[in-house]
Number of protein chains: 2
Amino acid sequence: MRVAALISGGKDSLLAFHLASKHHEVGCFVTVIPSNPDSFMYHTPNLNLVDAIASSIGKPILKVPSSGLEESEVEDLLKAVELLKVDGLVVGGIASSYQKKRFERICESIGIELIAPLWGWKDEEVISTASELFEAVIVKVSAMGLDESWLGKRIDGELIENLKKVKERYGINLAGEGGEFETLVLDAPFFRRRIRIKGSHVVSDPLSATLIVDEFYLEEKPKQIGQAFSRSDAQV
Amino acid sequence: MRVAALISGGKDSLLAFHLASKHHEVGCFVTVIPSNPDSFMYHTPNLNLVDAIASSIGKPILKVPSSGLEESEVEDLLKAVELLKVDGLVVGGIASSYQKKRFERICESIGIELIAPLWGWKDEEVISTASELFEAVIVKVSAMGLDESWLGKRIDGELIENLKKVKERYGINLAGEGGEFETLVLDAPFFRRRIRIKGSHVVSDPLSATLIVDEFYLEEKPKQIGQAFSRSDAQV
């Protein structure tokens with residue numbers, strides 16, 4: 001069936017898209033853009049980057065402005081998804097029943113299916129699968145035991161080991177499901193071009209630190225023999 | 001009937017949207033984003049700004065990646081619009097039969113109506129209506145008689161008079177229909193917030209000069225009594 005996939009640019013939503021696309025035709029992406037005045041430049045570092053991701057994958061993206069207030073976000077998303085000729089909505093939720101119920105409500109009310117391929121996965125399973133499939137970096141931290149020094153770091157085996165140490169001490173979720181950190185996917189096997197960050201800066205407040213991407217470009221990927229992860233490009 | 005409106009952020013597409021919305025429910029905007037590697041930062045200064053415009057108006061926007069090659073653009077747009085539950089597509093075309101035929105082909109093939117409210121308008125009629133309704137500035141010039149000094153200038157009576165002088169000498173189209181210049185709409189009666197440019201720079205090549213918006217924000221508009229154009233805000 002034809003579905004839409006809700007993406008943020010982070011690992012979970014793109015992993016959910018990847019898994020769903022094995023069984024369904026993903027016609028387009030959907031993303032929420034905050035409409036509060038300040039947020040275009042500062043609060044949503046990935047706002048332009050989701051366009052780049054959609055473009056790299058070669059699919060249209062429906063961007064839905066929303067005030068960011070919880071209730072209106074559901075309404076805004078509902079109205080927007082209702083515009084699409086799709087029979088399902090793919091989401092990256094892993095463990096939040098609250099979030100899942102909100103999406104179920106949206107899907108039920110417009111008569112489409114909710115598809116949550118990561119639902120019930122263990123946090124370690126999510127992050128290790130993401131590390132194997134994606135070139136993804138941390139773009140926001142907001143938890144005890146994490147700080148600015150984590151920003152821009154690639155999600156790989158070493159980082160996961162370090163996250164486990166923070167989990168032992170402070171009980172964070174390894175996949176960042178509780179908002180402990182946010183990621184940005186720069187490359188994946190299904191990207192036609194990879195995102196290269198050229199310039200960035202960090203914005204901090206007492207509760208969080210965010211990597212703001214100031215400049216980036218899309219780089220052609222070398223032709224690969226068969227199915228290969230981006231990692232193998234290093235040989236070229 | 002419910003329709004989608006193709007917008008670029010410029011005066012023609014937003015004028016077409018404005019006129020169409022008097023007779024139809026515009027469910028969402030559609031815009032084409034170039035997918036060639038360099039274009040995200042440099043060739044499409046308005047790429048983020050169309051998000052801001054959609055957000056200011058409070059409607060979802062479907063962004064369609066395309067290689068920019070003419071034939072594939074038609075195909076990409078067709079596939080994307082076909083995803084939408086709409087019965088018509090609004091375009092800002094004024095006089096280009098070539099462009100109109102391309103859009104007619106798209107609409108016919110998916111069984112929807114082409115709505116071109118500006119079709120057949122005189123160039124002076126278009127630019128003077130835009131100057132009355134919008135706060136719009138010139139963001140690209142590419143014609144004899146125009147140069148960098150025009151960038152960032154607001155489209156008002158004085159600018160139109162100056163354009164007429166260039167028209168007399170070099171025969172340009174006053175609405176920029178031949179690509180002589182491009183505009184960006186920063187405010188309109190139907191914007192909930194106006195776009196304020198905070199930082200910009202100019203990129204030139206032998207054929208054109210472009211104003212690249214580096215930083216902008218959305219500003220709340222003062223409450224207005226009755227229907228008023230943005231110009232009246234100056235009194236507040």
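In what follows, chains carry the letters A, B, and so on, assigned in the order in which the sequence lines appear, proteins first and then strands, with residues in each chain numbered from 1.
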Quick one, A/Lys63 with B/Leu62, criterion side-chain contact (heavy atoms from CB on, under 4.5 Å). Give me CA distance, side-chain angles, the key distance, then yes/no. CA-CA 6 Å; A/Lys63 300 181 90 171; B/Leu62 183 69; over 6 Å; no
inquiry  = If you apply the rule salt bridge (charged side-chain N to carboxylate O under 4.0 Å, His left out), what do you find for A/Glu82 with B/Arg2, and how did you get there?
reply    = CA-CA 12 Å; A/Glu82 198 268 325; B/Arg2 187 158 71 178; 3.2 Å; yes
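Contact of B/Arg192 with chain A is not made at all, since no heavy-atom distance falls under 4.5 Å. With a threshold of 4.5 angstrom between heavy atoms, A/Lys59 approaches chain B through N, CA, C or O but not through any side-chain atom.
Remark: B/Ile61 CD1 to A/Thr31 OG1 distance equals 13.0 Å, nearest 0.5 Å. The line from CG of B/Leu84 to CG of A/Leu83 is 6.5 Å long, rounded to the nearest 0.5 Å.
Residues B/Ser55 and A/Pro65 approach most closely at CA-CB, 3.7 Å, considering heavy atoms. Shortest non-hydrogen contact noted between A/Asp51 and B/Asp51 is OD2-OD2, 4.2 Å.
Environment of NZ in B/Lys100: crowded, with over 12 heavy atoms of neighbouring residues, nucleotides or ligands closer than 6.0 Å.
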